[in-house]
Amino acid sequence: MDCRDKILSERYFDVITNFPLEILEDSIYDLCYINIDNLYYVVYVSENNIRNVSEYVFDYKAVPKLYGLMQEDVINQGYDPNNLIVSGITQVQREPLNLTGRGVVICIIDTGIDYTDEVFRDSEGNSRILAIWDQTIQSGTPPRGFYYGTEFTRDEINGALQAEDPYSIVPSRDENGHGSAMAGVAAGSRVTNGISYLGAAPDADIVVVKLKQAKQFLREFYMIPPGVPAYEETDIMLGVQYADGFAEQFRRPVVICLGLGTNYGDHAGSAPLPSYLDYIASKRSRAVVVCGGNEGNAGHHFQGYLEPKRSGGTSENVPVEIRVADNVEGFLLELWGNVPDLFTISVRSPGGETIPPVRLGIQNSITYGFVYERTKITIAGNLVEPASGEEVVVVRVVRPTPGIWTFQVEAVGDSHNGTFHMWLPITQFMNAPVQFLEASPYITLTEPAMAKDVVSVSTYNAANNSFYIDSGRGFTRIGTINPDFAAPGVNVSTIRGRESGSSLASAITAGAVAQFMQWAVVEGNNSIVASREIKNYFIRGASRNYDTTYPNREWGADGIIVSS
């Protein structure tokens, strides 16, 4: 079995490590791996070499997290450029600046692209897409340095566009449409002089990574409903590495745009994907733009506080109540603490059955089955999660009884900081509502929007300058300032119709960043600019409501909207 087969096989488990693996013999350990910029290694190891397969998924630092699409419903209405106008984008597209993304590469890592759509062609009918890496097609040649999927070049795409059946030559399709919508918003060509359609950076070149779906064993562990798109952290990281290569190959600035998000992780940017994005964002002539998610009004975050105990005092505890709807198949609950605090967790079902306080060691798990209810709960802990250094407790609830579940959180010994956070999965990763009764709308940005050096955006409605109620809100779990600013993301005109959601806010921002990259790098005004500098330029140029205090959890670090 070659490396591609191992990558795709359900019998090989995906692992993320940050230590060199060249010393390992593939033939002995039955694995293969891909090096990601000498920072991380994605390892595909046979289930036969994992001593306890059931324990694999609780090795928190190594297991890929799953990401979902940050999209809302589509409204079939005509083209409206208002979101581009209020952002100042159309103004700088015109004389004297003529900033249209010329010479810049925008990479969309998502569900693919409809390369036949005219908004992705130039005035002569040729494709503006430099390449598509379709991770789902295994019949062609993968990109150099990668083992799976198929890469389609611009020449191949142009050849397909001339054929009677384009998909017989380039069979890559965007069955979902989300990636095509984002690419159109960020970089759609002028159609009928911009009256029928116009993207933010209509002269930028486009690179597309179509992500493959997550492996079934991970979908089952995270209890993702059938048919819901879910993408592995590892595939996204490899897509980012692929996109970064275009800056080196063509010596051109690259803007990477992600309209994906997850509630898994420490919400401080320490997980592999946000950490890797920070590395890319620190490079010159690179920018990374990520959405803030649509979880602000979902009821999926709880923030608790335990008063520090005085000597001889009684133990404090905080009851956390979760309402579970009918027919919920299951959910994952994560609890994150702060050093040096230690926490235990006990559980009470709607029927009154209880699990006593569970204190876990350095890394272990325990599973409980209820006597009178069909629910099974596994509680796993990591006393010092390696990426963040904090305690994490993962509670996996299978077939929960409908009603109010109570998770009692108690400190072990003296509590010092006393603060803890709990998160439920993103909305689309559950088949029916599960919500905290006393949810907090803050610290609801989805990862990787918590990364330090990326451009992270929340979402607002440009029609009335109101904050989008579903938008994720800051700050990070450790108090650093994210998002950077808010961008339009309500009733945005896409090639599918008008859509709302944070992914559209990130796409508009990516196009605006490409405009800035043209001015800075292509035209030589600041040829060594990097992502962290770009976001500060944007923050300084953002509009402000002077009745609002900044930094602001909704509107960002020091400004509220991308504007002229």
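Along the sequence shown, residues are numbered consecutively beginning with 1. Worth saying up front: this structure is predicted, and the values here are computed from it rather than measured.
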Do the side chains of [Y] and [X] get nearer than 4.5 Å, heavy atoms only?
X: Ser471; Y: Tyr460; answer: no
X: Lys6; Y: Asp2; answer: no
X: Glu232; Y: Arg219; answer: no
X: Ile379; Y: Ser365; answer: no

Pairs in or reaching into residues 377-411: which pass ring-ring contact (aromatic ring centres under 6.0 Å, His included), with residues at least two apart or in two chains? Phe370-Trp405
To check you understand the geometry: which heavy-atom pair defines the closest contact between Glu334 and Gly265, and what is its length? OE1-N, 3.2 Å
Distance-only side-chain donor-acceptor flag, [X] / [Y], under 3.5 Å:
X: Ser388; Y: Ser270; value: no
X: His421; Y: His267; value: no
X: Glu410; Y: Ser346; value: no
X: Trp133; Y: Gln135; value: no
X: Asn294; Y: Tyr468; value: no
X: Glu373; Y: Ser349; value: yes
X: Tyr12; Y: Asp30; value: yes
X: Asn382; Y: Glu391; value: no

Check against ring-ring contact (aromatic ring centres under 6.0 Å, His included), Trp555 and Phe467: CA-CA 8 Å; Trp555 298 103; Phe467 191 76; 5.3 Å; yes
What pairs with Tyr44 under ring-ring contact (aromatic ring centres under 6.0 Å, His included), at least two apart in sequence or on another chain? none
ring-ring contact (aromatic ring centres under 6.0 Å, His included) with His300: which residues, sequence neighbours excluded? none
Side chain to side chain contact (heavy atoms under 4.5 Å, CB included) with Asp326: which residues, sequence neighbours excluded? Pro402
Evaluate Met422 against Val320 for side-chain contact (heavy atoms from CB on, under 4.5 Å), listing each step before the verdict. CA-CA 9 Å; Met422 301 172 80; Val320 182; 3.7 Å; yes
Test: Cys107-Cys257 SG spacing under 2.5 Å: no
Step-by-step salt bridge (charged side-chain N to carboxylate O under 4.0 Å, His left out) determination, Lys210 to Asp110: CA-CA 5 Å; Lys210 179 180 178 179; Asp110 209 274; over 6 Å; no
Result for salt bridge (charged side-chain N to carboxylate O under 4.0 Å, His left out) between Arg532 and one of Asp484, Asp278, Asp453 points to Asp453
Set out, in order, the CA-CA distance, both residues' side-chain angles and the distance that settles side-chain contact (heavy atoms from CB on, under 4.5 Å) for Tyr242 and Ile109, then state yes or no. CA-CA 10 Å; Tyr242 172 75; Ile109 302 173; over 6 Å; no
Looking at Tyr148, does the NZ or CZ of Arg4 lie under 6.0 angstrom from its six-membered ring centre and within 45 degrees of the ring axis? no
Lys452 meets the salt bridge (Lys or Arg N to Asp or Glu O under 4.0 Å) criterion, sequence neighbours left out, with none
With sequence neighbours left out, write down each residue that passes salt bridge (Lys or Arg N to Asp or Glu O under 4.0 Å) with Arg11, or none if nothing qualifies. Glu47
Passing candidate, ring-ring contact (aromatic ring centres under 6.0 Å, His included) with Tyr222, options Tyr67, Tyr231, Tyr264, Phe217: Tyr264
